[in-house]
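Residue numbering restarts at 1 for every chain, and letters A, B, ... go by the order of the sequence lines.
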Amino acid sequence: MSSHVRTRFAPSPTGYMHIGGMRTALFCWLFARHHGGTFILRIDDTDQQRNTEAALIPILRAFDWLGLNWDEGPEYHSYSQTINLSLQQFISYGDYGPYYQSQRKEIYDRELNRLLVTRKAYRDFDPPEKFAEGRALAEKEKRVFLNERTWLDASDAEIQKQLDAGTPYVVRFAIPREHTVVINDHVRGEVKFDAGLMADPVIVRTGGMPLYNFATVVDDGLMKITHVIRAEEHLSNTPLQAMLHEALGYKMPEFAHIPFVAAPGGKEKLSKRKLDQYKKNPAFAKLFNIGSDVFPKLGLEQAAGLDPVMVEFYEKSGFLPAGVLNALVRLGWSLDDKTEHFSLEDMIREFSLERVIKAAAGLDPEKLLSYEAYWMGKLTLEEKLDGCLPFLAKAGYIKPFDDDVTGQELAEINQVIGDSQAFLSDVFLNVLRFDDVTRLEVAKVIEAIGDRLTVFSDVLRFDEFFVADDEMTWDEKGFEKRITKAEGAADLLFDLSGVILNSDIAGASDFDRVVHQFVEQRGLQIGQIIHALRLSVTGKTSGVGMFEAMELLGKERCVRRMERTVEKAKG
RNA sequence: GGCCCCAUCGUCUAGCCCGGUCCAGGACACCGGAUUUUCAGUCCGAGAACAGGGGUUCGAAUCCCCUUGGGGUCACCA
């Protein structure tokens, strides 16, 4: 039945995983999983310039982080095991490998030769200028450019002569110009292209390296890809690829061109180059702000160069994979008129290409955050704790144990990865361990924070529970409003601190009782002191429940902080 | 510019293929109210869209055509 479905995602190692690409990958993955098929990760690295290994890690990690596994592709050990990372890991598994295009040169050569002997492709010995000039002229005259094909019908002897002379050449595919290519796209429906309008494209460059369109077709064909699911910008490559498939005698895959992820407030493709523009979008700015709040505290700052276009950004800011996944799947796809929340299992069960929408959709940071909040709410306290601990540790609020081992592990990783800072801090976050006392204390704070936690890094905003009393700072404006300008606030605080000090207090309800008694005796409303109290104890104008906060800190620390506040107010 | 794609609330979308049940449904955001010592949350409520113009039809968001607008792509990049 449909158990033969094979889909692939073919990223090129760019050093980061694009959030839009991730959405495409998700759809590919979902389609394969839904049909019990095979999902393949293939590395488009015909470029060869870059350090493939280092540039690939963030991409593989993104898949790993979101829980999208692949059946064939580069070998990779889940990041809890990355400590043992070594270059040997960058081999591939699966029966249709290698899965790195840079390792498939012989295959391309072989397939190219089949095209050459049947004259479906030909060596073009003309200098590149000739082609460029022809095109420029055509453009000037406002007509369609078709190249001359001087070498298409050259005799074997002529060709051999050029070959012997060492004349550089490219290989062009001879477009069957009479052809009208009809693509039956799963998302777009029937799309027609007139091959008569297309110049013969280079498929192998001087030097013999294949170009994208050729390599892709060879790989898709030989890897028995049944469904090419990719972003819409590839739609115009499709007729060429379809013709190549035909010329090579492969079974034509089915195509599905899904809309790309658009930039906030527009319809343009989301691009890393336009980040400055995105910052002006209020909703998007929110995302940037999470980063600029959190990363410095984690010591990431510039080094990491993270932004919301990269999947890594979300991981490092403590987003939940479930929320990100949910947001991505709803971008261009829906099940019906009401279902909003999908776990990975739900998505696998329900996903279908038929329900993919045609128009580009902008990533909505607000909605992403709301999905985060939803899935965060589904977590147990223990799970929240595990998510928050690394952030607190990285920010220096709590201490992990096993520090030595961590340092050593890091050194090892550093050796392999070089200076990829972003990756380092990443691994660091995930190898930390904490003792039970620390865990218990933090758990109490997280419990008090409750729904105020949307992403894990939100815990850092509650630093009042982690800083020493003498190092706690006050919100400037809040201090002025609630203490300086509030008549008698300082005196009230002073008196209250005395009362608290002399009371028998064990928990939140005791604080509650004592403070209420205090205001009643003076004929005041609770509202007349609560703000000053909060400010003096936490330094903030808002936060967790007042008396819960006090319980977390304990009587002595509350009193000390109140005294400090009074000093500051008087001094 | 050529080729191709797209077009429902501010945003993500349902409805469109198989015209009437849609004076267009949901979610996020926003606004108002309730709850609360604050924030968040929760609950209740409000406002908010078929790009325009022609057809076809008894009847069109739904079918056809045109216009407009937006976007993608046009490399010896992927």
Side-chain angles (χ1 to χ4, degrees), chain A residues 10-14 44-47 101 124 128 131-132 135 138-139 142-145 168-172 183 185 187-189 191-194 197-199 201-213 215-216 231-239 257 259-260 262 264-269 282-283 327 330-341 354-355 357-371 373 377 449-454 458 461 478 482 512 515-516 519 525-531 533-535 538 540-547 549:
Chain A
S12 62
T14 52
D44 272 19
D45 59 348
T46 46
D47 235 4
Q101 289 191 328
D124 183 357
F131 190 89
R135 190 171 45 200
E139 201 168 313
K142 294 186 189 294
R143 61 177 162 79
V144 173
F145 168 65
Y169 67 89
V170 294
V171 179
R172 290 186 189 277
I183 307 295
D185 193 275
V187 176
R188 315 270 141 198
V191 186
K192 290 180 190 169
F193 298 87
D194 182 356
L197 268 25
M198 301 163 74
V202 175
I203 56 175
V204 172
R205 49 162 89 98
T206 306
M209 275 312 280
L211 251 15
Y212 166 75
N213 277 123
T216 295
E232 186 189 351
E233 66 249 38
H234 287 288
L235 188 56
S236 40
N237 288 143
T238 309
H257 287 91
F260 50 78
K267 293 270 167 56
E268 279 174 30
K269 191 165 67 165
R330 285 290 288 99
L331 222 54
W333 179 85
S334 68
L335 173 63
D336 52 31
D337 59 345
K338 41 181 68 93
T339 315
E340 288 290 341
H341 301 291
E354 282 65 46
R355 296 203 58 86
I357 201 126
K358 292 175 178 176
L363 177 68
D364 181 357
E366 302 272 14
K367 199 141 186 179
L368 167 59
L369 255 8
S370 92
Y371 287 124
I449 292 173
D451 291 339
R452 277 160 278 241
L453 196 73
T454 300
D458 283 340
R461 294 206 312 256
R482 301 302 190 185
D512 191 329
V515 174
H516 272 93
V519 291
Q525 294 291 310
I526 187 81
Q528 288 172 271
I529 185 153
I530 202 102
H531 299 288
L533 181 58
R534 173 180 295 284
L535 212 97
T538 69
K540 309 237 167 85
T541 53
S542 66
V544 309
M546 185 68 254
F547 305 114

In Watson-Crick or G-U wobble terms, with both distances under 3.5 Å, the base opposite B:G1 is B:C74
query = Is there side-chain contact between A:V515 and A:I526, with at least one heavy-atom pair below 4.5 Å?
reply = yes
Scanning all shown strands, the Watson-Crick or wobble mate of B:G69 with both distances under 3.5 Å is B:C6
A:D185 atom CG is separated from B:C6 atom C1', nearest whole Å, by 13 Å
pair_partner(B:A60), Watson-Crick or wobble, both distances < 3.5 Å, evaluates to none
With the side chain defined as heavy atoms from C-beta on, A:F193 is closest, among B:C6, B:A27, B:C4, to B:C4
Side-chain atoms of A:K267 come closest, of B:C28, B:G71, B:C4, to B:G71
* Spell out, as yes or no, whether a donor-acceptor pair under 3.5 Å connects the side chain of A:R534 to the backbone of A:V544. => yes
Between OH of A:Y212 and C1' of B:U73 the distance, given in whole Å, is 12 Å
Between A:K367 and A:V204, the residue closer to the 5' end of RNA chain B by nearest nucleotide is A:K367
On RNA chain B, more 5' by nearest nucleotide between A:R172 and A:K192 is A:K192
Rounded to whole Å, the CG-P distance (A:L369 to B:U11) equals 19 Å
Of the candidates B:U73, B:A78, B:C28, the side chain of A:R205 sits closest to B:A78
Practice item. Could you give the distance separating B:G10 and B:C18 at their P atoms, to the nearest angstrom? Key: 30 Å
To the nearest 0.5 Å, atom CD1 of A:I449 lies from atom CG of A:D458 at 8.5 Å
Between the CZ atom in A:R461 and the OG1 atom in A:T454, the distance rounded to the nearest 0.5 Å is 7.0 Å
Rounded to the nearest 0.5 Å, the CG atom of A:L331 sits from the CG atom of A:D364 at a distance of 9.0 Å
CD (A:E232) and CZ (A:R188) are apart, to the nearest 0.5 Å, by 4.0 Å
For B:C43, the nucleotide meeting Watson-Crick or G-U wobble distances (both under 3.5 Å) is B:G33
query = What integer number of Å spans the P atoms of B:U13 and B:C77?
reply = 35 Å
_Less than 4.5 Å apart, side chain to side chain, heavy atoms only: is that true for A:I530 and A:F547?_
yes
TODO: Quick one: label A:H234 by what it contacts on the DNA or RNA (base, sugar-phosphate, nothing), any heavy atom closer than 4.0 Å.
DONE: base
Among B:C74, B:C5, B:C28, the one nearest any side-chain atom of A:R188 is B:C5
note: A:K338, atom NZ; B:G25, atom P; distance rounded to Å ~ 12 Å
- Answer yes or no: side-chain N or O of A:N237 and base N or O of B:A78 forming a donor-acceptor pair under 3.5 Å. yes
To the nearest angstrom, the CG-P distance between A:D124 and B:A75 comes to 15 Å
Inspect the surroundings of CD in A:E139 and state if more than 12 heavy atoms from other residues, nucleotides or ligands are less than 6.0 Å away. no
request  = Would you indicate what A:K540 reaches in the nucleic acid, counting non-hydrogen atoms under 4.0 angstrom: base, sugar-phosphate, or nothing?
outcome  = nothing
Scoring nucleotides 13-19 of chain B by protein non-hydrogen atoms under 4.0 Å (B base, S sugar-phosphate only, - none) yields SSS----
Atom CZ of A:R135 and atom P of B:G2 are separated, to the nearest Å, by 17 Å
Under 4.0 Å between any heavy atoms, over every strand shown, what does A:V191 touch: base, sugar-phosphate, or nothing? Just pick one. sugar-phosphate
Whole-Å distance, A:K358 NZ to B:G71 C1', equals 15 Å
Describe the nucleic acid contact of A:E268 in one word from base, sugar-phosphate, nothing, applying a heavy-atom distance below 4.0 Å. sugar-phosphate
* To do: Using the P atom as the reference point in each nucleotide, state the distance between B:G26 and B:C63 in Å, no decimals.
  => 24 Å
Contact string for nucleotides 30-39 of chain B, one letter per nucleotide 5' to 3', B = base within protein heavy-atom range under 4.0 Å, S = sugar-phosphate only, - = neither, reads -------BBB
| query | How far, in whole Å, is B:A14 from B:A49 if one measures between their C1' atoms? | reply | 13 Å
Separation between NE2 (A:H257) and NE2 (A:H234), nearest 0.5 Å, reads 7.5 Å
Classify the nucleic acid contact of A:F260 as base, sugar-phosphate or nothing, counting any heavy atom under 4.0 Å across all strands shown. sugar-phosphate
Rounded to whole Å, CD of A:E233 lies from P of B:C74 at a distance of 10 Å
Interatomic distance, CG@A:L368 vs CZ@A:R330, rounded to 0.5 Å, equals 13.0 Å
Please measure how far the C1' atom in B:U8 lies from the corresponding atom in B:A51, and state the result in whole Å. 10 Å
Practice problem: Indicate the ring-plane relationship of A:F145 and A:F131, choosing parallel, tilted or perpendicular according to the 30° and 60° boundaries. | Solution: perpendicular
If we take the P atom in both B:G15 and B:U21, what is their distance in whole Å? 16 Å
Same-atom distance (C1') from B:C12 to B:A29, integer angstrom: 11 Å
Using Watson-Crick geometry (N1-N3 plus N6-O4 or O6-N4) or G-U wobble (N1-O2, O6-N3), each under 3.5 Å, B:C16 is paired with none
query = Given side chains that start at C-beta, do those of A:V187 and A:K358 come closer than 4.5 Å, heavy atoms only?
reply = yes
When rounded to the nearest Å, what value does the distance between C1' atoms of B:C9 and B:C22 take?
14 Å
Under the 3.5 Å rule, do the base of B:C74 and the side chain of A:S236 count as making a donor-acceptor pair? no
